Number of protein chains: 2
Amino acid sequence: MDLDRAAGRLRAGGRRVTAQRRAVLRALTELGCAADAEEIHGRARRMHPRIGLVTVYRTLEAFTAEGLAQSVFLGDGRTRYEATEQGRHHHHLVCLHCGRIATTDECTVQPLEGTILRRGFEVTAHRLELFGYCARCRTRR
Amino acid sequence: MDLDRAAGRLRAGGRRVTAQRRAVLRALTELGCAADAEEIHGRARRMHPRIGLVTVYRTLEAFTAEGLAQSVFLGDGRTRYEATEQGRHHHHLVCLHCGRIATTDECTVQPLEGTILRRGFEVTAHRLELFGYCARCRTRR
DNA sequence: GTCTAAGTGAAAATCAGTTTCAATAAGACA
DNA sequence: TGTCTTATTGAAACTGATTTTCACTTAGAC
Ligand SMILES: [Mn+2]
Ligand SMILES: [Mn+2]
Ligand SMILES: [Zn+2]
Ligand SMILES: [Zn+2]
């Protein structure tokens, strides 16, 4: 998500574009997958040293509301975030041994959503995370 | 999961079978899907009035480690738990309007696990939650 | 029955995330 | 460009979920 597009979305939502928000947006894209608030704060500080962690939390909330970011839960007690990709989505493969995160663009959930709709429930979103052992950890262990 | 089976699994893991753990196990099966620690505590108290919330947390941790229970994350800031069904699993449909939870036994994730394995990552578990609007909330709103 | 380590409860601590409030600064408008 | 309104910010205090500490209890092995 480039800055202009993001700025437009924020303004469309009645929100202001601040140096802090630009810093968080850049941190988010630089960090890639599933970064937590502390990590995002640390990275955002490089561009805007005075930014507070509170502002990072508030910004992530605003970004999520405007569809610029989305939350990811990996079960480690903190909420993680990543920039949303327009019209696409991916899922995470979490290695239970080393903690590294890989991703898949493949998603086999849509057909299931159809079946569920036939039962009356309209699915608008889903979360899928896969856990196991990455190639590295599977061989040398 | 019946008591004998559960007791066996606990003992196999070097753990003891206590009145508190029996109460939590029963609470878990009575409550069904995705109950949080407070709810489980409230229910367990009916059978064992002196049980503390701390013990409930510790028991849920033990049960999870022994495969008797599993955690569920619905994104509301608390960890939820449910008894594991042997050899089966299901997924949750969370209504974004009324909060009610429905379930599906259908799971389209396994073929994806195969594809992923071909890339070297061995999937041992997955979490899938679906969000949207239930029949009730979809019609009358 | 005795013994020992696992388990328990209450209180205190931790940790992620939220709220409060006074100061700051987008950006609409003159 | 300057003025004004109101969203945003940072620091400190707070909240709510979960964990840790520690003295006491008890399951279950012998
Ligand atoms: Mn990702
Ligand atoms: Mn369930
Ligand atoms: Zn790994
Ligand atoms: Zn509903």
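Numbers restart at 1 for each chain; the letters A, B, ... are given by sequence-line order, proteins then strands. Every value quoted in this text rests on a predicted model; they were computed, and no experiment measured them.
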May I have the distance from B/Arg45 (atom CZ) to C/dT8 (atom P), rounded to whole angstrom? 15 Å
For D/dT8, take OP1 and OP2 only and decide whether either is under 4.0 Å from a side-chain N or O of A/Arg21. yes
Side chain to side chain, B/Thr55 and B/His41, heavy atoms closer than 4.5 Å: no
Would you check if B/Thr115 and B/Arg119 make a side-chain contact, meaning some heavy-atom pair closer than 4.5 Å? yes
Using a 4.5 Å cut-off between side-chain heavy atoms of Ile, Leu, Val, Met, Phe, Trp and Tyr, which other residues end up in the same hydrophobic cluster as A/Leu130? A/Leu93, A/Val109, A/Leu112, A/Ile116, A/Phe121, A/Val123, A/Leu128, B/Leu93, B/Val109, B/Leu112, B/Ile116, B/Phe121, B/Val123, B/Leu128, B/Leu130
Let me confirm one number: the CD1-OH distance from A/Ile40 to A/Tyr81, rounded to the nearest 0.5 Å. 8.0 Å
Could you state the CZ-P distance from B/Phe73 to C/dA16, rounded to the nearest angstrom? 15 Å
Is there a side-chain polar atom (N or O) of B/Gln20 under 4.0 Å from OP1 or OP2 of C/dG9? yes
For atom CZ of A/Arg50, decide whether the heavy atoms of other residues, nucleotides or ligands shown that lie under 6.0 angstrom number more than 12. no
Are B/Ser71 and B/Arg127 linked by a side-chain donor-acceptor pair shorter than 3.5 Å? yes
Indicate yes or no: at least one non-hydrogen side-chain atom of B/Leu10 is less than 4.5 angstrom from one of B/Phe63. yes
Under the rule for side chain to side chain contact (heavy atoms under 4.5 Å, CB included), what residues qualify as partners of B/Ala65, not counting sequence neighbours? B/Arg15
Rounded to whole angstrom units, what separation is found between the CD atom of B/Glu66 and the C1' atom of C/dA6? 13 Å
Side chains of B/His126 and B/His89, donor plus acceptor under 3.5 Å: yes
Please report the distance, rounded to the nearest Å, between CD1 in B/Ile51 and C1' in D/dT26. 15 Å
List the protein contact pattern of nucleotides 24-30 of chain C with one symbol per nucleotide (5' to 3'): B for base contact, S for sugar-phosphate-only contact, - for none; contact means a heavy-atom distance under 4.0 Å. -BBS---
Taking the side chain as C-beta and beyond, is there a heavy-atom pair between A/Thr64 and A/Gln70 under 4.5 Å? no
Only counting residues at least two apart or in another chain, list the ones meeting ring-ring contact (aromatic ring centres under 6.0 Å, His included) with A/His90. A/His92
Using C1' atoms of five pairs at each end, report the bend of the helix from C/dG1-D/dC30 to C/dA30-D/dT1 rounded to 10 degrees. 40°
Extract from the structure each pairing of a protein N or O with an N or O of nucleotides 14-20 of chain D at less than 3.5 Å, listing the distance.
from   : atom 1 : to      : atom 2 : distance (Å)
D/dT18 : OP1    : B/Thr79 : N      : 2.7
D/dT18 : OP1    : B/Thr79 : OG1    : 3.2
D/dT18 : OP2    : B/Tyr57 : OH     : 2.5
D/dT18 : O5'    : B/Tyr57 : OH     : 3.4

